[in-house]
Amino acid sequence: MRTDTIQSKANGKNVAKESTPCFELKGSVITMIEMRLLQSNLDFFSIQLDKKVRQAADFFLRAPIVLDLDEVQNDDNEIDFLTIAETIRANNLVLVGFRNGSAQQLKQVKNLGFNILPDTSDRVSSEIELPANNTAEKHTPAQNQNQKPKYTPKPTGVASYSRTVYQPVRSGQQIYAKDCDLVILNSVSAGAEIIADGHIHIYGKLRGRALAGVHGDKSARIFCSNLEAELISIAGYYRVIEEIEDRVKNQAVQIYLKDERVTIEKF
Amino acid sequence: MAKIIVVTSGKGGVGKTTTSAAFGAGLALKGFRTVVVDFDIGLRNLDLIMGCERRVVYDFINVIQGDANLNQALIKTKQLDNLYILPASQTKDKDALTQEGVEGILNGLKETFDYIICDSPAGIERGAYFAMYFADEAIIVTNPEVSSVRDSDRILGILASKSRRAVENLEPVKEHLVLARYSPKRVIDGDMLSVDDVKDLLDIPLLGAVPESESVLLASNRGIPVILDGKSDAGDAYSDAVSRFLGEDLPHRFLHYQKKGFFGRLFGS
């Protein structure tokens, strides 16, 4: 967007000076999918990837992929990185680069013109679970509190806007605020579902389900003026109504994740 | 300008057809030319409740399919000159409904009538969808129990998102609540949701609570809308509800349990 405006200015009157900035730098967090290569034999790589992508085409469409070579770095067989890259591209995925390979492998990768990304120690270890269809994933009632994330990081930008709903959200309705916060200026009925990649604010009663940070934003919160929810979830960690203490029911609360526990706090 | 009103609930057996018949008769009594349309294709009931079953020749689907014109299918009720019904087909099913067909019929009715009341079938499928699609106002019939309330909530959601007014971004469908089969005594005993509970859950204006009454069953079996029964509390409640629907501000009766006094019990009030 920004480059567009600068370009159009430049094309228009050509008033650019050296002091006029051509770009600006911003820190941005993009969630990527890490693909861990498990063996050097790639006979079934294409078939398996194709099958995986078909399970959730939307989820994988143009998703950035980092190829991790940690598991194969001591494998002496030569790996055909070019075929890997082409297969990944053919599946409409974006190969960002490689990491964690042996010096030999990384050199080979570099010579082929691919990026090498820095090693990171805090790697995501949970295996990705695919969303069933879209965000309307069904939750089975929790056996115990705070289970593993159901919603897994999807490559998206950072939440920057909000979506506002003025009408009551009725049973059976589902509202999803993609890449942003969700503000509901009314009540959310039992059997309704409100979902956001960012925070959720409810200025009526929350009787339905509220899921904030569904693409893995653990800092997302739910703010609500009257809590009677069937289910609340932050970044995939959830609690059902039976696991909500009475002292916070029908109260104005905020809900956030603390040490991977869904925490409810009265205002 | 003719108004299309849908009477709907989601759940079955809550009193939609009784309410449709009562509102039809109530509006006709106030002098409006009124027609009640049975959308429950395949499960025709309205004609029975309104005492017209012996005069059904053509029906809704015949008109949609061009086998009859609208005037042939409309039946005038015995009790009121300006109250008509358009019966459903008993032999066809809801697949025979088409959007163009329904729209054509409603447009035809608009030329003659002030109020067109669409008696919706239960459920949220085709019949219910077409009954509510063209509505200007909706009367949501609910019983004071949780499943009925939740189904009504679902219907309100569909009205707010899938009706013509929602799809075409017009002023939203105006929503009204009728709480049928209400028993203040059972509310006190804790067996039933109270009016306030239901209002709190659904958050739409209440036209009236209709007390559980034997007169409703009696009226249905006789084929006379209960509102025409001068001695029935349910009829009175519907009568009030119709007045409120037309904008009158009446205090609610029948909401609270009144213990009958000694003389009340003696003479029956």
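The sequence lines fix the lettering, A, B, ..., with proteins before strands; numbering per chain opens at 1. Note that this is a predicted model, so its numbers are computed, not measured.
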For this session: Would you please go through residues 146-164 of chain B and name the residues with a non-hydrogen atom below 4.5 Å from one of chain A, in numerical order?
Result: B:Arg150, B:Asp153, B:Arg154, B:Leu156, B:Gly157, B:Ser161
For this session: Decide yes or no on salt bridge (Lys or Arg N to Asp or Glu O under 4.0 Å) for B:Lys185 and B:Glu212, but give the supporting numbers first.
Result: CA-CA 10 Å; B:Lys185 169 86 167 60; B:Glu212 174 100 68; over 6 Å; no
Exercise. Are A:Phe223 and A:Tyr203 near enough that their ring centres are under 6.0 Å apart?
Worked result: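 No: the rings miss the under 6.0 Å criterion.
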Exercise. Could you give all pairs that pass the side-chain hydrogen bond (donor to acceptor under 3.5 Å, both in side chains) test and reach residues 121-134 of chain B, with sequence neighbours left out?
Worked result: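 Non-adjacent pairs meeting side-chain hydrogen bond (donor to acceptor under 3.5 Å, both in side chains): zero.
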Problem set entry | salt bridge (Lys or Arg N to Asp or Glu O under 4.0 Å) partners for B:Glu248, two or more places apart |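 By the salt bridge (Lys or Arg N to Asp or Glu O under 4.0 Å) rule, B:Glu248 matches B:Lys30.
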Exercise. Is it true that B:Lys94 and B:Asp40 make a salt bridge, defined as a side-chain N closer than 4.0 Å to a carboxylate O?
Worked result: yes
Taking only distance into account, with no hydrogens and no angle test, what donor-acceptor pairs under 3.5 Å do side-chain atoms of residues 198-208 of chain B form with protein atoms, sequence neighbours excluded?
{"unit_1": "B:Asp200", "atom_1": "OD1", "unit_2": "A:Lys205", "atom_2": "NZ", "d": "3.0"}
{"unit_1": "B:Asp200", "atom_1": "OD2", "unit_2": "A:Lys205", "atom_2": "NZ", "d": "3.1"}
{"unit_1": "B:Asp200", "atom_1": "OD2", "unit_2": "A:Arg207", "atom_2": "NH2", "d": "2.8"}

